[in-house]
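Hydrogens, waters and symmetry mates play no part in the numbers below; they use all other heavy atoms, side chains included. Along the sequence shown, residues carry numbers from 1.
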Amino acid sequence: MVFDKKNAMRNAEKHLAQGKTRAAISEYKDVVRHDPRDFVTLNILGDLHIKEGDESAAVKCFNRKSLKNSGNFIRNADLRQKPGSSTKN
């Protein structure tokens with residue numbers, strides 16, 4: 001089954017409009033799971049976790065976003081370097 005990001009986002013927005021924050025969180029988690037570089041959705045997800053009182057989950061979302069924004073975001077592919085190559089920050 002192919003993931004439909006637009007449909008998931010639409011569903012999340014509908015849940016929010018109905019006051020169903022936990023259902024929206026579930027939809028947004030699916031979006032981030034399928035598109036881990038969607039930092040806008042990751043930020044929304046962090047905000048919703050705060051609204052629900054789950055600060056540790058919010059911090060995880062914001063940390064992932066801040067790592068990307070600070071230029072320290074490392075993908076798995078970056079961990080496998082060729083011998084003799086060096087990394088620059």
Inset, instruction - Using only heavy-atom distances, determine whether the side chains of S56 and D54 contain a donor-acceptor pair under 3.5 Å. - result: yes

Legend entry - Over all atoms of both residues, closest heavy-atom pair of G46 and A58: O-CB, 3.4 Å

Inset, instruction - For A24 and A12, work out which heavy atoms get closest and say how close. - result: CB-O, 3.6 Å

How many angstroms lie between [atom1] in [X] and [atom2] in [Y], if you round to the nearest 0.5 Å?
| X | Y | atom1 | atom2 | value |
| --- | --- | --- | --- | --- |
| K51 | T21 | NZ | OG1 | 4.0 Å |
| K14 | E27 | NZ | CD | 10.0 Å |
| F62 | H49 | CZ | NE2 | 9.0 Å |
| M9 | I44 | CE | CD1 | 5.0 Å |
| D47 | I25 | CG | CD1 | 10.5 Å |
| R10 | D4 | CZ | CG | 6.5 Å |

Legend entry - Cationic N near anionic O, under 4.0 Å, K5 to D30: no

Legend entry - Path from V59 to L45 over hydrophobic side-chain contacts below 4.5 Å: no

Inset, instruction - Sort out for me which residue in R33, E13, H15 forms a side-chain contact (heavy atoms from CB on, under 4.5 Å) with Y28. - result: E13

Inset, instruction - Just do the side-chain contact (heavy atoms from CB on, under 4.5 Å) check on D35 and T41 with the steps written out, would you? - result: CA-CA 9 Å; D35 185 2; T41 301; over 6 Å; no

Inset, instruction - Report, as yes or no, whether the 6.0 Å neighbourhood of atom CD on E55 holds more than 12 heavy atoms from other residues, nucleotides or ligands. - result: no

Inset, instruction - With side-chain contact (heavy atoms from CB on, under 4.5 Å) as the test, would you mind laying out the steps for V31 and L42 before giving the verdict? - result: CA-CA 9 Å; V31 170; L42 195 56; over 6 Å; no

